[in-house]
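Heads up: the structure comes next, in structure tokens.
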Amino acid sequence: HLSYSLSGCAIIRPPRDGGIRYRGLTQEQVKILPVDYEIEYICRGSRIIVGPKVRKCLPNGTWTDMNQLSRCCRCPCCPIKKLYIGALFPMSGGWPGGQACLPAAQMAIYIHVVLLNLVNNRTDILPDYELELIHYDSMCDPGEATKLLYDLLYTEPIKIVLMPGCSSVSTLVAEAARMWNLIVFSYGSSSPALSNRQRFPTFFRTHPSATLHNPTRVRLFQKWGWTKIATIQQTTEVFTSTLDDLEERVKEAGIEISVRQSFLTDPAVAVKNLKRQDARIIVGLFYETEARKVFCEVFKEKLYGKKYVWFLIGWYADNWFKIKDPAINCTVENMTEAVEGHVTTEIVMLNPETVRGASNLTSQEFLAQLMSRLGGKNPEETGGFQEAPLAYDAVWALALALNKTVAPLRAKGWALEDFNYNNKEITAEIYRALNTSSFEGVSGHVVFDAQGSRMAWTLIEQLQGTKKLKSLKLILKCFGFLILKQCNISVVCCNSSDRYIQNSQPYLNNMTAVGCVLALAAVFPLGIDGLHIQRSQFPVVCQFRLWLLGLGFSLAYGSMFTKIWWVHTVFTKKDEKKEKRKHLEPWKLYATVAVLLAIDVLSLLIWQIVDPLHITVEKFTKEAPKEDLDVLIQPLLEHCSSEKMNTWLGVVYGYKGLLLLLGIFLAYETKSISTEKINDHRAVGMAIYNVSVLCMITAPVTMILSSQQDASFAFASLAIIFSVYITLVVLFVPKIRRLITRGEWQSEQQDTLKTGSSNNNDEEKSRQLERENRELQKIIQEKEERVTELRSQLAERQALRSRRRPSVQNQNQNHSVPSSQAEPPNYCPATDKQSLSPSFSNSSNLYQGEGKLSRNNCHSSRLPLLYK
């Protein structure tokens, strides 16, 4: 294909056996040629250019005269040879497939002629030939097709191949074509009769035989257990032969065709007979126009709904029942209601894989180009839109086959342009080439069987609402779920060096988060039943439910229980035991969780070995549906159970119930305690309240609602989800918030340190005050002992002074000395006992008295010296 830019034109490929002369440049020097630049084609040897010899770069990035080929020919009189294809495209009638198939065929031939894509730039596909399509509208009518076939055969030029569309027209053309030694290649014929090689020796088709769908239909009947079916068909050979083949196949499968109806133009009587004979499973074989008539009558007779299943042909237009048809008197709403739920079988006409085949186009690129050629028409209302890839691949199959015959014919002295209606040798070569064709097309892999029919996959569809649900592959996609717990674990692990996180025991927090993940994962197997998995796999799902819930509870609740148990043990013991256990040893906490986990694992292992879980089915009373469906519904409910299920549940519920009650008690006892080693124990207590209440409510309620699967699953799953998320929010949100605001917290702490406050923690302040109180009590006791000793000394001094007072007075009278000279330097007058303050024993007065004594230098060791 041509690529270009706004500044010039891209280099194009030269013709076969030729080259390009770049004026003033070489090809290696240039990638984008400027506007108005001219290139010149040259040919090798004695060959000369036929077609434009010089091309000029245009401002829009293209080259001049690209709609004309340039070829290197041996002589100046060898023009491009044309090969003509005579085609009959039904633009109207029973199947107006030509509305989309004709543009597709023209697109293939047009691309081949003007070489607009990469594959056609190859010079190995009909290098000296040009295909031309001569087409007429057959209206899907054999009578009209007879007249047009006569015109094609007896009007110049000679056609090398014929391409009919409808099965009825193809039958006529293929049967007559052997008299003119013509290959007939159909793109839309599905009649099984056309597979008869004796009757149609030169017939090929890219549309498989309609009998290809009969084995699929029979398998569907067997899968759904249907033993009786009914049929209604349009009286044409294609549908009669298809129905004969279906009758043989259902007979071999043990299925009976109880009703078989047919019509020519008016299906009213046939539909009434189906209603009268109570047909339920109905196979309809008719063209699209007759299909609208049939389902208008189906609506009138109420032969639709859940009591009926219709099997139709899949090559109708997508909205065939919404197309206005003057032949019926039903509205679009009536038709839509009547066709609801019908099943179709059809071949895969569009390659589902993104691969490039012989035409170098993917299926999606082909559809895009086809939509462009349709000029904005609604593909759902365009006849033959589904078969358009088959018409496109039919032209390519012809081009490749004709190209394959060039060399063998040249060896025999023939050429394709020598074909005439009497030349059997060229026809035989074309037949052999088509019979061995194999290539990738936009409709998939193109290959033909011995009868000239295409081999392809079958597509099963059902109309539900306004959409068809495909059943080629049933893919159950289990979408993963985003769990907040992983974020919490990563936050805690990444900040485990933070003091606040360390004091909350981060490894226990991680255990709680992992347990929450396991508990949440248990919600999924709780909602799985036999609809999603095979019956043999159901016990595995039962095991997953039990183990995920058990281990999740042990990890999540066990780690919280361990924290609250340690706090209670330390702060409710006597003082001497408190001092011994104030140094927290983390391995003991982990060991406690491991013990709880080991108990659960051991109990679950014993349960699964002694009495493993298996599936049990509970049957309920049969119910009649609200609508008249002629059926009774047997409700069944699948349970995970064991022989002694109640005993095992009693043991597990009893053990875990005691843990829950003990956790509530410990949380209540420690609600007013503050500790630095586990600084989140209050949040743990709140989480324990939450888990305990929800578990104690959920366990009995789910046992009561065990026969109501929706209510039981909803209650259990919501309880798990709420308990998990509340626990995570209570435990982790404060930590995340503290980490987010950590910068502000650190700055406040630094300010506090600067002002003299050594610790902001309440527990540290409390312990410091206790230490100071004990020290003060010791000091007070020492002072009291000292006061007692001083009192006794003062009493002794007073007694001694009272005995010596008379002699002292006599001495004072005999020796009149001034008092200032008689008093020693360190003399301290005695104080009467009565002058002592009553509150002398008070500690504050002790401090004052001790200070006064010190200031007066009256020490007890010096007092006896005064009386020596």
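Residues forming a ring-ring contact (aromatic ring centres under 6.0 Å, His included) with Phe286 (at least two apart in sequence, or on another chain): none. Among residues two or more places apart in sequence or in another chain, the salt bridge (charged side-chain N to carboxylate O under 4.0 Å, His left out) test is passed with Glu237 by Arg199. Under the side chain to side chain contact (heavy atoms under 4.5 Å, CB included) criterion, Leu172 pairs with Ala145, Thr146, not counting sequence neighbours. Annotation: salt bridge (charged side-chain N to carboxylate O under 4.0 Å, His left out) contacts of Glu40 (sequence neighbours excluded): Arg21, Arg23, Lys53. Asp325 is linked by a salt bridge (charged side-chain N to carboxylate O under 4.0 Å, His left out) to Arg292, counting only residues two or more places apart in sequence or in another chain.
Environment of CH2 in Trp414: sparse, with no more than 12 heavy atoms of neighbouring residues, nucleotides or ligands closer than 6.0 Å. Environment of CZ in Arg410: sparse, with no more than 12 heavy atoms of neighbouring residues, nucleotides or ligands closer than 6.0 Å. Dense packing is recorded around CZ of Phe439, with more than 12 heavy atoms of other residues, nucleotides or ligands lying under 6.0 Å away. For Lys412, the NZ atom counts as densely surrounded, since its 6.0 Å shell holds more than 12 non-hydrogen atoms of other residues, nucleotides or ligands.
Applying the disulfide bond (SG atoms under 2.5 Å apart) test to residues at least two apart or on different chains, none of the pairs has a partner in residues 372-417. Applying the side chain to side chain donor-acceptor pair (under 3.5 Å) test to residues at least two apart or on different chains, the pairs with a partner in residues 416-428 are Tyr129-Glu417. Residues in residues 343-359 take part in these salt bridge (Lys or Arg N to Asp or Glu O under 4.0 Å) pairs, two or more places apart or across chains: Arg356-Glu365. A disulfide bond (SG atoms under 2.5 Å apart) check over residues 153-214, counting only residues at least two apart or in different chains, returns the pairs Cys140-Cys166. Applying the salt bridge (Lys or Arg N to Asp or Glu O under 4.0 Å) rule to pairs touching residues 431-443 yields Glu429-Arg432, sequence neighbours excluded.
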inquiry  = side-chain contact (heavy atoms from CB on, under 4.5 Å), that's the test. Do Asn351 and Thr362 meet it? Break it down for me.
reply    = CA-CA 8 Å; Asn351 194 344; Thr362 65; over 6 Å; no
query = After noting the C-alpha distance and the side-chain angles of Val446 and Phe448, does the key distance pass the side-chain contact (heavy atoms from CB on, under 4.5 Å) rule?
reply = CA-CA 7 Å; Val446 179; Phe448 304 102; 3.9 Å; yes
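Of all the heavy atoms in Ala450 and Arg197, the pair that sits closest is O-NE, 3.4 Å. For the residue pair Leu212 and Ala456, the shortest heavy atom distance occurs at CD2-O, 3.8 Å. Shown here for Met349 and Pro389, the closest heavy-atom pair between the two residues is O-CB, 3.2 Å.
Centroid-to-centroid, the aromatic rings of Tyr316 and Phe321 stay 6.0 Å apart or farther. The six-membered or imidazole ring of Phe185 lies away from that of Phe203, with a centre-to-centre distance of 6.0 Å or more.
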Distance-only donor-acceptor pairs under 3.5 Å for side chains of residues 82-104, two or more places apart:
{"residue": "Lys82", "atom": "NZ", "partner": "Glu132", "partner atom": "OE1", "Å": "3.1"}
{"residue": "Gln99", "atom": "OE1", "partner": "Gly383", "partner atom": "N", "Å": "2.9"}
{"residue": "Gln99", "atom": "NE2", "partner": "Met91", "partner atom": "O", "Å": "3.2"}

Which pairs would a plain distance check flag for residues 151-164, meaning a side-chain donor or acceptor within less than 3.5 Å of a matching protein atom at least two apart in sequence or in another chain?
{"residue": "Thr155", "atom": "OG1", "partner": "Asp151", "partner atom": "O", "Å": "2.6"}
{"residue": "Lys159", "atom": "NZ", "partner": "Leu152", "partner atom": "O", "Å": "3.1"}
{"residue": "Lys159", "atom": "NZ", "partner": "Thr155", "partner atom": "O", "Å": "2.8"}
{"residue": "Lys159", "atom": "NZ", "partner": "Pro157", "partner atom": "O", "Å": "2.8"}

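Below 30°, between 30° and 60°, or above 60°: for Trp320 and Phe295 the angle between ring planes is above 60°, a perpendicular geometry.
With hydrogens and angles ignored, the 3.5 Å screen pairs a side-chain donor or acceptor of Ser209 with a backbone N or O of Thr211. When atom types are taken as modelled, the side chain of Asp65 and the backbone of Pro52 share no donor-acceptor pair closer than 3.5 angstrom.
Between Thr344 and Ile313 the shortest side-chain heavy-atom distance does not fall below 4.5 Å. Using a 4.5 Å cut-off on side-chain heavy atoms (C-beta onward), Leu350 and Leu367 make contact. When side chains are defined from C-beta on, Val339 counts as touching Leu463, because their heavy atoms get closer than 4.5 Å. Counting only heavy atoms from C-beta outward, the side chains of Glu387 and Thr206 never approach each other to under 4.5 Å.
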